[in-house]
Amino acid sequence: MKSLRFYALFFTLSVVFGGLNAGRAAAQAQPTAPQIAKNTKEARTNTAQSEDSADKPETPSAPSYSLRTNAPIVTRVGVQNAQTLPLTLNEAIRRALENNNDIEVAKNDVRIAESNLRSLLGIYDGVFTIQPNLDRSSSTGRGATTDFRVNSDFTQQIRPGGGSIKGFLNNSRTENQFAQQQVTSGTSTSSSAVFSTSLGVTYTQPLWRNLKVDSNRRQIKIQRKRVSQSDADFRRQAILVISQVQSAYWDLVFALRNQQNQVANVNLSRENLRVIEAKISAGSSAPLEKAEVMTELANREGELLNATQQVSTAENRLKQLFLRDPNSSDWLAAIVPTDAPVFSNDPVDMDAAMKDAMEFRPELSRLRLEKEINKIDLDFYKNQTKPRVDLVSTFSLDGLALGKVSTSSFTSPLVIPQTAGSETSSSAYFYNLICRSTITPPPGCATIPSVVVSGTPSYYNGGFNRSFANLFRSDAPNFTVGVTFSFPLRNKTAKADLATARLQTERIDAQTRSQEQTVIAEVRNAVQAVETARLRIATARTARENAEIQLEGERKLFEVGRSTTFLLFQRENALTNARNSEIRAETDYNKALSELQRVTSTTFRVNNIQVDSPAGNQQ
């Protein structure tokens, strides 16, 4: 009878250990996929099958698996397991800077601000104007006259001093007698055309109001600050996106490693199920124990489902940050992070972090620029309260030509005799009255004296060529100098604008103090988060190492029959939770570092990113 019991016990133990070895061999034979980042300092002391499952999982993908298979088949909707995308953190940041749509919007805002600045600078572009004009006029009883004018000028606003200069060249050919008298100042009326040319310059210079600053210069100065503000907004957006990429990257690392641990936990439950089934077959365990193992296996499979969902959520969040095209093929790829979490025992220098934040935070830079804009407004509105005194001066060269005229002298009788009673001139009438009356004529009537009539000066003979040449005669220059005074009676608008600008100064000061307090609080919280996460890693590592020791001891007790399945499951779950806590502490530490970079605006410096400032914000 004793020998029968001995053989039965030997058979039961053989079945149990045979099932255990078969389970380990099945776990080791699982296919592997590209590894995600894992902590190289981890020391796993669990059983061989749990270590293999934790270090080499299948590429995570919406879970679907069966209890009849050797290992859970983890798949995800919309992701192809065969298409993987190995990705480092630096590469994820680079792709986000190139493709992120929010960053692209911020870039365009900078370009728009620069374009607006160039538009305002266009006020100082010279303007050339030419006005050709042909005028034909006639009236009742008079012949038609034709006038032709070509007026041209070049106007230029001058930035220093706020003055303006206008150069002009006017040419006219007129047959109208009224216009001829205007051109010749009433000294000449010709039956032919009169030609005139005028070349000169007009300069206007403010002497009080608008001398140091005017509306155009104010708008340009303000727009330069707006360009700098848009650059600060771009930097803030880029820093925010980089921080989001870092956070999403480490969340994905945690989600994948958590999924690995859940897969390992499910495999442990499957092995326990095979052991219990072997014991039940050998008659050493009651069939009821199988229900307990099946319940635990179902619970762990549910946790694996949740872990897989977390992988999809974290991966989609990361893809959203660095994929530009909604139809990109990378949406179908499974991201495989290749960077492991970093760790340092060095504490964070609070003073240095606070100094960096106060110097580099884009929000504070934007407020400093807003204060500079307000200073520009104050200077402008103070200037607008002054009277307006403008100097106006003109210098011109005027040339005149009378067309084709005779330049030769000729002799002409002083009086041209006409038949008495038919005179057409007063001189002929008086000549007949004196010399041809019945009264004896005076001795001088026998001979009519003659006079020599000089010809028109040669410098008047010709058309536009002659009038243009006459510009450089010594009698051509003309100049005008004058002053314009303007005194607003009360100037309510300028005074009200000045009062508003002063109130705006107080408002910006309050906003700056509020933002500085926000920055201080964020830096203090970020430094505390880094320090807390650093200490959590040490405590979590200690908890994980002791959980491994407890599980190993509990397993040995279970193998010799001194423990229960319930206690073994508790130890296995405790080890999984300890591993997840360690992973969470490591990823939280790296996320805290990225948050510290964001709140101190050292993201570009730490990640070796060079951002060029726009040329438009340079004076």
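In this chain, numbering begins with 1 at the start of the sequence shown.
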Notebook entry, point to check: Between Ser230 and Asp109, does any side-chain donor sit less than 3.5 Å from a side-chain acceptor?
Noted result: no

Next item on the list: Quick one: which residue pairs count as a salt bridge (Lys or Arg N to Asp or Glu O under 4.0 Å) with a foot in residues 365-374, not counting sequence neighbours?
Entry: Lys225-Glu372, Arg226-Glu370, Asp233-Arg366, Lys371-Asp509

Margin query: Can you tell whether the side chains of Lys591 and Glu586 come within less than 4.0 Å, N to carboxylate O?
Written below: no

Checklist line | Centroid separation Phe154 to Phe128 less than 6.0 Å | finding: no

Checklist line | Contacts of type salt bridge (charged side-chain N to carboxylate O under 4.0 Å, His left out), residue Arg388, not counting sequence neighbours | finding: Asp390

Next item on the list: Using the test ring pair (Phe, Tyr, Trp, His ring centres under 6.0 Å), find all partners of Tyr124 that sit at least two apart in sequence or belong to another chain.
Entry: none

Next item on the list: Not counting sequence neighbours, which residues clear ring pair (Phe, Tyr, Trp, His ring centres under 6.0 Å) with Tyr589? List them please.
Entry: Phe343

Notebook entry, point to check: Between Glu516 and Leu364, does a side chain to side chain contact (heavy atoms under 4.5 Å, CB included) hold up when you go through it step by step?
Noted result: CA-CA 7 Å; Glu516 287 176 347; Leu364 295 177; 3.8 Å; yes

Checklist line | Set of residues satisfying ring pair (Phe, Tyr, Trp, His ring centres under 6.0 Å) with respect to Phe168, sequence neighbours excluded | finding: none

Note to self: List the residues meeting salt bridge (charged side-chain N to carboxylate O under 4.0 Å, His left out) with Arg534, not counting sequence neighbours, and say none if there are none.
What the structure shows: Glu531

Next item on the list: Give a yes-or-no answer on whether the side chains of Thr197 and Ser467 include a donor-acceptor pair shorter than 3.5 Å.
Entry: yes

Next item on the list: Could you tell me whether a side-chain N or O of Asp135 sits under 3.5 Å from a main-chain N or O of Phe148, the two making a donor and an acceptor?
Entry: no

Next item on the list: Taking salt bridge (charged side-chain N to carboxylate O under 4.0 Å, His left out) as the test, write out the residues that go with Arg235, two or more places apart.
Entry: Asp231

Notebook entry, point to check: Between Arg524 (side chain) and Val519 (backbone), is there a donor-acceptor pair under 3.5 Å?
Noted result: no

Margin query: Does anything in residues 599-612 form a side chain to side chain donor-acceptor pair (under 3.5 Å)? List the pairs, not counting sequence neighbours.
Written below: Asp356-Arg605, Gln597-Asn607, Thr600-Thr602

Notebook entry, point to check: Would you say the side-chain atoms of Gln157 and Ser164 include a donor-acceptor pair closer than 3.5 Å?
Noted result: no

Next item on the list: May I have all residue pairs that pass side chain to side chain donor-acceptor pair (under 3.5 Å) and include part of residues 496-508, sequence neighbours excluded?
Entry: Asn374-Thr505

Margin query: Any carboxylate oxygen within less than 4.0 angstrom of a Lys/Arg side-chain nitrogen, looking at Asp588 and Arg536?
Written below: yes

Notebook entry, point to check: Between Arg218 and Asp377, is there a salt bridge with N-O shorter than 4.0 Å?
Noted result: yes

Check: Who passes side chain to side chain contact (heavy atoms under 4.5 Å, CB included) against Leu367, sequence neighbours left out?
Finding: Gln511, Thr512, Gln515

Next item on the list: Name all residues meeting the ring pair (Phe, Tyr, Trp, His ring centres under 6.0 Å) criterion together with Phe468; count only those two or more places apart in sequence or in a different chain, and write none if there are none.
Entry: Phe472

Margin query: Applying salt bridge (charged side-chain N to carboxylate O under 4.0 Å, His left out), can you list everything that pairs with Lys375, at least two apart in sequence or on another chain?
Written below: Asp379

